[in-house]
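Read the numbers this way: they start at 1 and go in the same order the structure lists the ligands and their atoms.
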Amino acid sequence: MNTFQFHSTKTIQLAKDAFSANENAKFLSGGMTLLPSMKHGLIQPNHLIDLSKIPELQVLEESNEFLTIGAATKHDTVATHPLVQSAISGLAYLASQIGDPQVRMRGTIGGSLANNDPAADYPAAALALKAHIVTDRRVIAADEFFTGFYSTALEEGEVITQIKLSKPIKSAYVKFKQAASGYALAGVFIALYANQEVRVAVTGVASGVFRWEEAERAFLGSEMKPDLQRDDVISDLHAPSAYRINIAQVLFKKAAQQIKNNS
Ligand SMILES: Cc1cc2nc3c(=O)[nH]c(=O)nc-3n(C[C@H](O)[C@H](O)[C@H](O)COP(=O)(O)OP(=O)(O)OC[C@H]3O[C@@H](n4cnc5c(N)ncnc54)[C@H](O)[C@@H]3O)c2cc1C
């Protein structure tokens, strides 16, 4: 691991100032992806700007329509907070399934979304729950935020401050864990809104999270094995593409049954 300078900041403005004053800087949130990447020599930042103690990034509040979660909110808080459990139970469950207790006590929702690992859990929730990713510069709809393999619409030095999620009537997340890492070999999030609006988002299966529109139509009908055809389905030593597709179909059925049985 290279040597670096650590900058502890207490406001978003101070974090932005530290970022622009220093070359080769990275924001640090929970460090659960950044620090392993540094240890493996994949990235070698000279400055780490710590976001974890900024009060504005810790909010967790509810309105009639939205649940708003600060970017530095830890996975464990999302999993256990009564507001999240009552407003979006599928999201609380999803957070409880990330990594292990150590990862959940440090990793954050903002860090996970900024990183956009194709097997991460939160991107599926953000896309299904019509998230608005609030940054220090603008508001980005989840539909435009995830732009591909580990890439997002974030610009250089842009900080996610909050994630604003539309509260569904019901939600469910089902994940099939990759045995060694615990990341999603496949994960399916379903959000059901008033007026029969359904959003289904899938992680782990392709080069990035995606909405599965055949499954959204299937949810409203009786078909429980929707077609899944994409040209970027992952095929690797953990699972060939046909297996991943089959798992996604099985997970969709389970998540749909959870929602339909919980009437
Ligand atoms: C053993 C292990 C198991 C794991 N298992 C899972 C799993 O099952 N499911 C899963 O989804 N994830 C898993 N993870 C990843 C974990 O969820 C991380 O917490 C997450 O990917 C990154 O969040 P972080 O807060 O640690 O971000 P960091 O590592 O601090 O940062 C990650 C990236 O995001 C940037 N960043 C951080 N915060 C912001 C912000 N507010 N604005 C802009 N950029 C920002 C950083 O500069 C960096 O590039 C696992 C990690 C480990 C180590």
Side-chain angles (χ1 to χ4, degrees), residues 4 6-7 9 11-12 15-16 18-19 22 24-40 42-59 69-79 91 93-127 133-140 145-146 150-163 173-187 189 201-204 208-209 238:
F4 58 86
F6 179 80
H7 301 255
T9 57
T11 66
I12 295 168
K16 286 167 55 177
F19 189 92
N22 292 290
N24 193 17
K26 276 286 210 184
F27 292 121
L28 173 73
S29 193
M32 290 293 98
T33 295
L34 194 54
L35 297 183
S37 306
M38 289 170 66
K39 282 185 179 168
H40 287 114
L42 299 172
I43 49 165
Q44 301 187 325
N46 298 123
H47 298 269
L48 291 187
I49 321 286
D50 183 26
L51 302 174
S52 68
K53 298 190 180 57
I54 300 177
E56 289 156 273
L57 304 188
Q58 318 280 348
V59 296
I69 303 181
T73 306
K74 297 188 186 340
H75 307 330
D76 183 68
T77 306
V78 176
L91 179 68
Y93 175 74
L94 173 149
S96 78
Q97 296 302 300
I98 295 176
D100 50 39
Q102 287 84 352
V103 170
R104 293 195 292 276
M105 293 305 285
R106 294 217 60 94
T108 66
I109 186 168
S112 177
L113 294 177
N115 193 50
N116 192 20
D117 187 313
D121 297 291
Y122 276 125
L127 199 52
I133 318 294
V134 184
T135 79
D136 60 310
R137 302 174 194 175
R138 58 195 167 135
V139 178
I140 312 169
F145 183 80
F146 303 106
Y150 286 101
S151 80
T152 69
L154 288 175
E155 292 164 356
E156 178 73 1
E158 188 167 9
V159 187
I160 302 176
T161 56
Q162 295 179 346
I163 298 91
Y173 181 64
V174 186
K175 168 184 182 177
F176 186 83
K177 293 184 182 182
Q178 198 270 311
S181 72
Y183 276 85
L185 194 67
F189 198 104
V202 182
T203 189
V209 65
H238 303 301

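The protein atom (non-hydrogen) at minimum distance from atom 31 (O) of ligand 1 is L34 CB, 4.1 Å. The protein atom (non-hydrogen) at minimum distance from atom 26 (O) of ligand 1 is M32 N, 2.7 Å. Looking only at heavy atoms of the protein, atom 44 (N) of ligand 1 is closest to A114 CB, 3.5 Å. Of all protein heavy atoms, the one closest to atom 33 (C) of ligand 1 is G111 O, 4.1 Å. In this structure, the protein non-hydrogen atom closest to atom 9 (N) of ligand 1 is D121 OD2, 2.7 Å. The closest protein non-hydrogen atom to atom 38 (N) of ligand 1 is S29 CB, 3.4 Å. For atom 20 (C) of ligand 1, the closest heavy atom belonging to the protein is T33 OG1, 3.5 Å. Of the protein's non-hydrogen atoms, the one nearest atom 41 (N) of ligand 1 is I160 O, 3.0 Å.
With values rounded to the nearest 0.5 angstrom, F6 atom CZ is found 13.5 Å from H47 atom NE2. Taking CG of L48 as the reference point, atom CZ of F4 lies at 4.5 Å (rounded to 0.5 Å). The line from CG of L91 to CZ of F189 is 5.5 Å long, rounded to the nearest 0.5 Å.
A donor-acceptor pair under 3.5 Å is formed between the side chain of T203 and the backbone N or O of P118. Under the 3.5 Å distance criterion, the side-chain polar atoms of Q97 are left unmatched by any main-chain donor or acceptor of F176. A side-chain donor-acceptor contact under 3.5 Å links D136 to the backbone of V159. Side chain of T161 to backbone of V134: a donor-acceptor contact under 3.5 angstrom is found.
Under a 4.0 angstrom heavy-atom cut-off, L51 registers as being in contact with ligand 1. Close to ligand 1: H75, with a non-hydrogen atom less than 4.0 angstrom away. The shortest separation from a heavy atom of K74 to ligand 1 is not under 4.0 Å, leaving the residue out of contact. The closest approach between any non-hydrogen atom of Q102 and ligand 1 is not below 4.0 Å.
Under 4.0 angstrom from ligand 1, the non-hydrogen atoms of K175 all belong to its side chain. With a heavy-atom cut-off of 4.0 Å, L57 does not touch ligand 1 at all.
Among A72, P36, G99, the residue whose heavy atom lies closest to atom 5 (N) of ligand 1 is G99. Nearest to atom 6 (C) of ligand 1 by heavy atom, out of Y183, Y150, F27, Y122, is Y183. Of the listed options D117, V103, I133, V103 places a heavy atom closest to atom 1 (C) of ligand 1. Checking G30, A120, S112 against atom 23 (O) of ligand 1, the nearest heavy atom belongs to S112.
The distance criterion of under 3.5 Å between nitrogen or oxygen atoms is not met by G107 with respect to ligand 1. In terms of polar-atom proximity, G182 is counted as a contact of ligand 1, with an N or O under 3.5 Å from an N or O of the ligand. Between G110 and ligand 1, no pair of N/O atoms sits closer than 3.5 Å.
Under the side-chain contact (heavy atoms from CB on, under 4.5 Å) rule, N115 has a single partner from T33, T152, L34, which is T33. Of the residues listed (N116, L94, T108), the one engaging Y122 in a side-chain contact (heavy atoms from CB on, under 4.5 Å) is L94, and it is the only one.
The side-chain heavy atoms of R137 and E155, taken from C-beta on, include a pair separated by under 4.5 Å. A heavy-atom distance below 4.5 Å is not found between the side chains of N22 and N46.
For the pair S112 and A120, the tightest heavy-atom approach, listed with the atom from each and the gap, is OG-CB, 4.0 Å.
A side-chain N or O of D117 and one of Y150 form a donor-acceptor pair less than 3.5 Å apart.
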